[in-house]
Amino acid sequence: MNENAPSPETETEQADATTPVAKKNIMQSLGWGLWSVLLLLTIIGLIVAGLSTPQQIDPTLQATQSVPREVAVPKPAAPPPKPPEPKPEPVPMTPVISPLQDDTQPQEETQIRIGPQTLINYTPLPAEKPVQVAAAIPAKKPEPTPVTAPSVPSETRATLPHFAKPVIAIVIDDMGLDRRHTTQITALAAPITLAFMPYAEQLDTQTKQAWTAGHELIVHMPMEPEDLAHNNPGPNALLLKNGTDENVRRLDHNLASFQGYMGINNHMGSAFTMSRAAVTPVLEDIKKRGLWFLDSKTDARSVASTVADEIGLPYASRDIFLDNVNSKQAVLAQLKQVEQVARKKGYAIAIGHPKEGTVTALQEWLPQIQQRNFALVPLSTIIHARFPKAAVPRYARNGEFNVAEKSGEQKSN
């Protein structure tokens, strides 16, 4: 028997002695295991959180770079979108339109009465309907157009005898309405041809004064202008809308307004004198009455002179307008143009109006006309020289004035 071998009692005692130690070690191992499991679970949780997809994160959160790890920070709430501002509805703008663009529309005539104290050249316009204007545009005054001497038709040179000095006829339109300036024109000591308006008042008195003063008379016949909406020719005007019978009736009515005239010329009439169909029967009636005609040429396209020549009516045409600008200096400048025309073709016909600038200019110019080597004559003198074989109207005053002819002699008819 081995003496060194431990006895059973000794092993039991040793086993009993080691039991607490083993228990202690087991508890420590279990503790560390639990801590390891907790740490592992924590790590796994962090890893799972780090691997989470954007879909698993609240869309209102975002990562910031100001912290060591990504920390979910709520996004600032976006401001609600503003509702679109309503666009203002466009305001309809009314264009600036001429009150009457269609010249075919008939113009209702306005009966005009002129009192004896009237001091202006009054041609009233019909009342216009108010027009809404889109934008106020300041009116611009038209620049006066310089008048140049017109070309002389060949038939004029062939039919007009050559006087020893150029002759000039001054015709004053619109007489009888502006009573003050009508009286001043009548008082001019020169043989001027005066065209009286057939609807002026007290025509018998006014025309008798003019005839007694030595002036020649014609009827200033109202005719339709091209812009009828802004230019009223007056009552009983000859209009394109009328038939021939109505225009001839109006012609007869106007010719009965006074006596002592030798012919007519047109008041306005730019549209009427461009219509061959309208003007022909009127001029034919004038010829039957033994009267003569002056084409005022309110429009260069007038066919009145051509028609008069075709039907054999003695006539003449205006050369220069004197007073489109109503000032003394402007009228004197136009009278210079009249002199140039007269020197060029032997005669000139100028038309003016009873205005202040015309009156003062003629008062200065007329006394100098002989010194300028011109002869002032009635309109009938020029028409008679153009148509020497035609019968002279009863009230033509050409025979009462001496006109120097090419022979240098004075002829008195």
Side-chain angles (χ1 to χ4, degrees), residues 107-116 118 120-126 171-179 181-183 185-186 192-211 215-225 228 231-242 244-273 278-279 281-296 298 304 313 315 318 351-354 379-380 393-397:
Q107 175 70 31
E108 182 178 353
E109 294 182 5
T110 302
Q111 295 297 325
I112 302 173
R113 296 184 61 84
I114 307 299
T118 303
I120 60 172
N121 184 1
Y122 177 66
T123 303
L125 297 178
V171 180
I172 303 297
D173 285 351
D174 297 351
M175 291 288 288
L177 300 181
D178 183 341
R179 297 295 293 274
H181 288 130
T182 292
T183 301
I185 293 292
T186 300
I192 299 174
T193 300
L194 306 181
F196 278 86
M197 298 296 300
Y199 54 80
E201 292 185 347
Q202 299 181 346
L203 277 176
D204 289 340
T205 300
Q206 294 192 76
T207 55
K208 183 177 180 180
Q209 291 173 349
W211 177 266
H215 302 298
E216 187 170 68
L217 309 181
I218 61 176
V219 180
H220 199 35
M221 189 64 60
M223 299 181 186
E224 180 175 335
L228 191 59
N231 298 279
N232 181 12
N236 287 298
L238 311 186
L239 303 177
L240 295 175
K241 70 174 184 178
N242 297 336
T244 298
D245 292 342
E246 174 61 16
N247 279 330
V248 171
R249 185 198 67 77
R250 295 185 178 203
L251 174 69
D252 184 71
H253 173 84
N254 292 331
L255 291 175
S257 59
F258 65 94
Q259 297 180 354
Y261 49 83
M262 70 91 186
I264 74 166
N265 74 328
N266 53 291
H267 169 58
M268 298 188 181
S270 55
F272 196 85
T273 57
V279 79
V282 172
L283 296 184
E284 288 176 341
D285 192 85
I286 290 295
K287 180 184 177 183
K288 293 177 183 177
R289 296 171 185 264
L291 302 175
W292 288 351
F293 174 66
L294 169 65
D295 187 354
S296 300
T298 53
L313 170 64
Y315 73 97
R318 184 268 313 163
I351 291 181
H353 302 82
L379 174 65
S380 58
R394 176 183 177 184
Y395 294 104
R397 307 203 77 158

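None of the values given here were measured: they were computed from a predicted structure. Quick note: residue numbers are just sequence positions, from 1. The figures here come from the full heavy-atom set of this structure, side chains too, leaving out hydrogens, waters and symmetry mates.
Taking CD1 from I172 and NE2 from H181, the interatomic distance works out to 11.5 Å, rounded to the nearest 0.5 Å. For the atom pair N265 CG and F293 CZ, the distance stands at 7.5 Å (nearest 0.5 Å). Annotation: the span from D295 atom CG to I264 atom CD1 amounts to 10.0 Å, rounded to 0.5 Å. The CG atom of D178 sits 9.0 Å away from atom OG1 of T183, with the distance rounded to the nearest 0.5 Å. Here the straight-line distance linking atom CZ of F196 with atom CG of L177 works out to 10.0 Å at 0.5 Å rounding. In this structure, E224 CD and N231 CG are separated by 11.0 Å, a value rounded to the nearest 0.5 Å.
The minimum heavy-atom distance linking P225 with A271 is given by the pair O-CB, 3.4 Å. Contact record, F258 with I218: CZ-O, 3.7 Å, taken as the closest heavy-atom pair. Scanning both residues, T298 and G269, for their nearest heavy atoms gives OG1-C, 3.8 Å. Summarising the geometry of T273 relative to M223, their closest heavy-atom pair is CG2-SD, 4.1 Å, with the distance given to 0.1 Å. Contact between A210 and L217 at its shortest, heavy atoms only, is CB-CD2, 3.8 Å. In this structure, S380 and W292 approach most closely via the heavy-atom pair O-CZ3, 3.5 Å.
No more than 12 heavy atoms of other residues, nucleotides or ligands sit less than 6.0 Å from atom CZ of R394.
Side-chain contact between F272 and P233 is absent, with no heavy-atom pair separated by less than 4.5 Å. Between Y261 and L255, the closest side-chain pair of non-hydrogen atoms falls below 4.5 Å.
In this structure, Y395 contributes its side chain and Q259 its backbone to no donor-acceptor pair below 3.5 Å. Side chain of H215 to backbone of T186: a donor-acceptor contact under 3.5 angstrom is found. A donor-acceptor pair is defined here as one N or O able to donate and one able to accept, closer than 3.5 Å; such a pair exists between the side chain of T182 and the backbone of G176. Side chain of N254 to backbone of N236: a donor-acceptor contact under 3.5 angstrom is found. Looking only at distances, a side-chain donor or acceptor of N266 sits under 3.5 Å from a matching main-chain atom of S296. Looking only at distances, no side-chain donor or acceptor of E216 sits under 3.5 Å from a matching main-chain atom of M262.
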Report the C-alpha separation of R179 and Q206 in whole Å, then their side-chain angles, then the decisive distance to 0.1 Å, and conclude whether the side chain to side chain contact (heavy atoms under 4.5 Å, CB included) test is met.
CA-CA 9 Å; R179 297 295 293 274; Q206 294 192 76; 3.3 Å; yes

Worked verdict on L228 versus M268 for side chain to side chain contact (heavy atoms under 4.5 Å, CB included):
CA-CA 10 Å; L228 191 59; M268 298 188 181; over 6 Å; no

Does the pair H220 and D174 meet the rule for a side chain to side chain donor-acceptor pair (under 3.5 Å), with working shown?
CA-CA 7 Å; H220 199 35; D174 297 351; 3.2 Å; yes

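Classification of K208 and D204 as a salt-bridged pair fails, no side-chain N sitting under 4.0 Å from a carboxylate O. Under the 4.0 Å criterion applied to side-chain N and carboxylate O atoms, R250 and E246 are assigned as salt-bridge partners.
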